[in-house]
Amino acid sequence: MGGNKDIRKRIQGLERQIALHLDKIAAEREVFPDSQVIGHWEKEVRNWTAQVERLMGRLPGRG
């Protein structure tokens, strides 16, 4: 049982990071639309989103 709890906790942490990065991307685009850091943040969001999808697949009833 603890495994599912750990997976859910990891998913929540990744979702928080995704939300923070999306906010940073939006703010950066307003000031520096051509900033290279935006691409880096977008890549991290894509990677974290893929991790969330993989983790969701490990939860019972979702795989």
Side-chain angles (χ1 to χ4, degrees):
M1 284 294 191
N4 289 338
K5 186 175 181 179
D6 292 340
I7 292 171
R8 290 179 197 282
K9 191 172 185 177
R10 179 70 178 138
I11 290 170
Q12 288 176 344
L14 288 167
E15 289 174 338
R16 274 192 304 274
Q17 284 301 111
I18 290 168
L20 288 171
H21 270 49
L22 291 175
D23 288 345
K24 288 196 294 189
I25 290 167
E28 187 76 9
R29 276 204 174 113
E30 288 183 20
V31 181
F32 302 107
D34 297 328
S35 176
Q36 290 182 346
V37 75
I38 292 172
H40 171 74
W41 290 333
E42 288 173 333
K43 183 178 179 183
E44 286 185 329
V45 167
R46 284 191 304 272
N47 290 337
W48 292 334
T49 301
Q51 285 181 38
V52 167
E53 290 172 6
R54 283 192 300 273
L55 288 168
M56 294 284 278
R58 292 174 56 187
L59 292 172
R62 301 213 180 170

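Using a 4.5 Å cut-off between side-chain heavy atoms of Ile, Leu, Val, Met, Phe, Trp and Tyr, with links allowed through other members, I11 and L20 fall into different hydrophobic clusters.
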Show the atom names and distances, to 0.1 Å, of all donor-acceptor pairs under 3.5 Å that link a side chain in residues 48-56 to residues at least two apart or in another chain.
residue, atom, partner, partner atom, Å
T49, OG1, V45, O, 2.7
Q51, OE1, R10, NH2, 3.3

In a table with atom names and distances, give each donor-acceptor pair under 3.5 Å that connects a side chain of residues 31-39 to protein atoms at least two apart or in another chain.
residue, atom, partner, partner atom, Å
S35, OG, E28, OE2, 3.1
S35, OG, V37, N, 3.3

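Among residues two or more places apart in sequence or in another chain, the side chain to side chain donor-acceptor pair (under 3.5 Å) test is passed with E42 by R29.
Here salt bridge (Lys or Arg N to Asp or Glu O under 4.0 Å) pairs that include residues 16-26, with residues two or more places apart or in two chains, number zero.
Here the NE2-CD1 distance, from H40 to I25, works out to 10.0 Å after rounding to the nearest 0.5 Å.
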